[in-house]
Amino acid sequence: MSERRKPYPFDRIEPKWQSIWEKNRAFHALNPGEKNFDAAKPKFYVLDMFPYPSGAGLHVGHPEGYTATDIIARYKRLRGFNVLHPMGWDAFGLPAEQYAIKTGQHPEITTRTNVAKFKSQLQQIGFSYDWEREINTTDPRYFKWTQWIFLKIYNSWFNPETNKAEPIETYRGDDPDSVRLAYVAEVPVNWCQGLGTVLANEEVIDGKSEVGGFPVVRRPMRQWMLRITAYAERLVDELEDLDWPESIKLLQRNWVGRSEGTEIEFKIENRKEAIRVFTTRHDTIYGASYMVLAPEHPLVDQLTAPERKSDVADYRAQIASKSDLERTDLAKDKSGVFIEAYAINPANNQRMPIWIADYVLMGYGTGAVMGVPGHDERDLEFARKFDLPILPVVQAPEKTVEESIGFVGDGLAINSPIINGLQTPEAKAKMLAWLEQHEHGQSDVRYKLRDWLFSRQRYWGEPFPIVWEKSEPDGRLKHRSLGENELPLVPPPLEDFKPTGTGEAPLAKAKDWIRYSDKAQRETNTMPQWAGSSWYYLRFCDPENDRRFVGEEAERYWMGGPKPGGVDLYVGGTEHAVLHLLYARFWHKVLFDSGYLSKTEPFQRLVNQGIILGEDNQKMSKSRGNIVSPDEVIDNYGADSFRCYEMFMGPLEQMKPWSMKGVEGVSRFLARVWRLIMEENRAGEWILSDGISDVAADKSQTKVIHATIKKVTGDIETLSFNTAISQMMIFVNAFTNADAKPLPAMRTLLLLLNPFAPHLTSELWETLNRKFTDAGGDITEQPWPNHDEQFLVEDEIEIVVQVNGKLRDKLTVSLVASDAEIEAAALALPKILALIAGKTVRKVVVVSKKLVNIVLA
RNA sequence: GCCGAUGUGGCGAAAUGGCAGACGCAACGGACUUAAAAUCCGUUGGGCUUAAACGGCCCGUGCCGGUUCGAGUCCGGCCAUCGGCACCA
């Protein structure tokens, strides 16, 4: 590619200013208690979702959110805030480990290389991060505290009476291990033979591993779990006062899946056991004609008649062999086995045949449902397939009884002696009262949320600070935590990172490391990648602290404020709408309950940037070959053009395609700003333009200046950066052909543009200061300009004149004209007279200082 | 299937219920130039009217209806695209 002449010397000024900022520690935030800390300034904590440093480097999607937060950070500094704007690396994770398996290169080396690449790319864009606060989740000084927090969780239980976590010592029951917030359980997990590890649900796509595409099967394994379900209610309720997009709140609410209903007990014919059922439609109990248990339900073995045992065993085997994928495919086709036992419907004492079927899940509710085929789609399918009785008990509005079969909405209770004639809500209330009164059931709340599967069979993750010890009476292995003084627990050096293939973690190969004492061995599983990212925003407040995960004063300052959430602005992709944001909130609440934090929520305001598509309008991917790297953009147009284009493309939260032509347009705009202030001399050198003079702007220029201050300031506050840039383009267009460029106007423009194009504006500011010294100091030390409304008012205003709502003419009147005067003037316009001639004016609407609408009969 | 978001020129997009298309891209025309690039200026939703220009008229924000003096914007119903969940009782 031939050397193109640069429209302005960004290749010289951008590295220059980046090194000045670094040398001056321009963006270093001071903590309370540090020398020069200014307690009079308000704080602002603006955070990006820190990246996983992959080998591929940045693509243009990463810096979209980063640019937005950088503009906010720079703007807030100019507005006199102490700004915390940090960056770090979420560096544990599968790709580095897979690379290690392939090449033998230790993940630590891969990680270091990738971090260096990412960091240099971010620095080239000129982001104002406080690099002195850089953190890396794989650094033992960091994960020491990840392990420490795990111990806090492990050593806590959730007290339902206080609705918060408390130290395990306060638990009065026999078996503390049964209530810890971190516990071991045998659960069905996603096992991926190809990768040799269990995977989280989100790492499994259509029954295959996201990495490598290997098949994934369900398999019961003993795993570490975190009791996030204890917080289900608070995770929903405490969303309320957060400034998050409603759609994201809804996603979280749906994920937690609260439903209110009733737990009902059904007696079993001729037996002492009972089946408990959870239902949200206890008003349909008269229509419950059969009972279904999940195949794994603990009562199945006891209740199944001897002659049905082999059928049940066959059915269970058949289900176990199905993969998740097959299960989804077969979702519509109901299957099940009758176990030759009967339950008694407490409402009408009818016998209900008991079945097992895989459409009932052991993991939700009680693992048992009452079959109401009249008013539940799945029950109806099941009943039709196995010829079970179908009784309508809710009549749909405007429908006959017969037509109401399959109706699942609210209607009129029928065939239900106790509640006949009642609308569903009243029917529910009365039925519940009846059930409670006769001790058949009580109201209950259930959640879809499951506990968090927290262990992985991987090398490249935080080891659990847990040892397994032979306990004295029975010689069984029991877990216990390491002491805080034993942290960090660093993973052993390994030559061979390969999975064992047996479900045992790679750490099991480090025989010396595992051996803790004569009678104790270390836990060999590691934590998932989500661990480090569940609290990193806290560490940024005080990253060097080696006595505490975050210092109290630093936490109170940066995570404080009047709102429930601590981080003032958090920007990142929607892909983390549920998991990361839910996990972080959960950890935060445990730490809050334990008295370590000042706020109940981590993130007050959340904004999701939209993804950037390739020029072909498709998602960027290696296989499509449409990935745009920031490097090429910066080489050709400079970092400021890159930043401004990222913001000019469209609304931050919207999905939008990349366009190199668009970058060029924005680059032209910045070059125009440059040439507003600079000109080339005969030698081809850029020098301060003769046109710049210290004169006042004229009236129309003043108006543009103040309109721009107002618009840009308001737009930055609402993150509408695209329209802020448009307004600055209007400003520049207005001054491009002016004979004299008034100095104060130029300074105002540079300040407004500074958060967007910091290198260009710093350079021009400095150049102006060399000749005109009164502004003094660096651009970053200036106050943000204020607009004055008086310069925006017009002497004369244009009034739109409509006839029957259609624009017909315009009218210019004085600012002080009354509505009556405006109406009279409008009705006197020749065009309007012609239009209304011979017609009756039925009404005239006058909107003050705006419009007249003449309505004809 | 359920839930949510989005739908405006050739393209990215603007528009407190009040002039639809700001700003930018692309395209076309002009100035400068031996020429090109760069730069600057202008035109640019569709159609009709007009020899042409000025002007004038009609249509136009996914589709159908409603509220309103007035709807891209509010309400109801559809359609399409994208995203999430998916036997959750």
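Keep in mind the model is a prediction, meaning the values are calculated, not measured. By convention in this document, chain letters (A, B, ...) are assigned in the order of the sequence lines, proteins followed by strands, and residues within each chain are numbered from 1.
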Give a yes or no answer on whether the side chain of A/His787 reaches the backbone of A/Thr708 with a donor-acceptor pair at less than 3.5 Å.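 No: the side chain of A/His787 does not pair with the backbone of A/Thr708.
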For the side chain of A/Glu615 and the backbone of A/Met660, is there at least one donor-acceptor N/O pair under 3.5 Å apart?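 Side chain of A/Glu615 to backbone of A/Met660: a pair is present.
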Less than 6.0 Å separating the ring centroids of A/Tyr290 and A/Trp355?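 No.
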Run the ring-centre check on A/Phe10 versus A/Trp674 and record whether the distance is less than 6.0 Å.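 Not under 6.0 Å, so no.
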Could you check how far [atom1] of [X] sits from [atom2] of [N], rounded to whole Å?
X	N	atom1	atom2	answer
A/Glu377	B/G1	CD	P	10 Å
A/Leu380	B/G1	CG	C1'	15 Å
A/Leu807	B/G60	CG	C1'	15 Å
A/Lys843	B/G70	NZ	P	8 Å
A/Glu575	B/C82	CD	C1'	15 Å

In whole Å, measure the gap between the [atom1] atoms of [N] and [M] for me.
N	M	atom1	value
B/G18	B/C75	P	15 Å
B/G21	B/U73	C1'	15 Å
B/C23	B/A37	P	25 Å
B/A5	B/G9	P	22 Å
B/U81	B/U43	P	40 Å
B/C63	B/U8	P	10 Å
B/G42	B/C32	C1'	15 Å
B/U67	B/A52	C1'	46 Å

Which base sits across from [N] as a Watson-Crick or G-U pair, both distances under 3.5 Å?
N	answer
B/C28	B/G42
B/A5	B/U81
B/C74	B/G66
B/G55	B/U49

Nearest-0.5 Å distance, [atom1] of residue [X] to [atom2] of residue [Y]:
X	Y	atom1	atom2	result
A/Leu752	A/Thr713	CG	OG1	6.0 Å
A/Leu582	A/Leu449	CG	CG	6.0 Å
A/Cys644	A/Leu753	SG	CG	6.0 Å
A/Leu613	A/Met655	CG	CE	5.5 Å

By the 4.0 Å heavy-atom rule, please label [X] as base, sugar-phosphate, or nothing.
X	answer
A/Glu246	nothing
A/Lys849	nothing
A/Gly665	sugar-phosphate
A/Arg675	sugar-phosphate
A/Lys810	base
A/Asn737	sugar-phosphate
A/Val666	nothing
A/Asp379	nothing
A/Ser247	sugar-phosphate
A/Arg808	sugar-phosphate
A/Ser259	sugar-phosphate

Of the options [options], whose atoms approach the side-chain atoms of [X] most closely?
X	options	result
A/Met655	B/C58, B/C82, B/A22	B/C82
A/Lys656	B/A89, B/C23, B/A13	B/A13
A/Val369	B/C69, B/C19, B/A89	B/A89

Would you call B/G47 syn or anti, using the 90° rule around 0?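 Here the answer is anti: the torsion falls beyond 90° from 0.
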Quick check: on RNA chain B, is the nucleotide nearest A/Lys806 upstream (toward 5') of the one nearest A/Gly662, or the reverse? Name the residue that is more 5'.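 The residue whose closest nucleotide sits nearer the 5' end is A/Gly662.
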Of A/Thr279 and A/Ile725, the one whose closest RNA chain B nucleotide lies more 5':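 The residue mapped nearer the 5' terminus is A/Ile725.
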Can you run down the salt bridge (charged side-chain N to carboxylate O under 4.0 Å, His left out) pairs that involve residues 846-857 of chain A, sequence neighbours left out, and say none if there aren't any?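 For residues 846-857 of chain A, and leaving out neighbouring residues, there are no salt bridge (charged side-chain N to carboxylate O under 4.0 Å, His left out) pairs at all.
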Stacked cation flag A/Lys334 on A/Phe382, 6.0 angstrom / 45 deg: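 No, cation not above the ring by the 6.0 Å, 45° rule.
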So does A/Glu263 pair up with A/Arg446, basic N to acidic O under 4.0 Å?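 Between A/Arg446 and A/Glu263 there is a salt bridge, with a charged N closer than 4.0 Å to a carboxylate O.
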Taking A/Lys710 first and then A/Glu789, would you say they form a salt bridge - that is, a charged N and a carboxylate O separated by under 4.0 Å?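 Here A/Lys710 pairs with A/Glu789 in a salt bridge, since their nearest N and O are under 4.0 Å apart.
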Hey, what are the protein-to-nucleotides 26-30 of chain B N/O distances that come in under 3.5 Å?
| unit_1 | atom_1 | unit_2 | atom_2 | d |
| --- | --- | --- | --- | --- |
| B/A26 | OP2 | A/Arg668 | NH2 | 3.3 |

Could you write out each protein N or O paired with an N or O of nucleotides 16-18 of chain B at a distance under 3.5 Å?
| unit_1 | atom_1 | unit_2 | atom_2 | d |
| --- | --- | --- | --- | --- |
| B/U16 | O4 | A/Lys850 | NZ | 2.5 |
| B/G18 | N2 | A/Gln802 | OE1 | 3.3 |

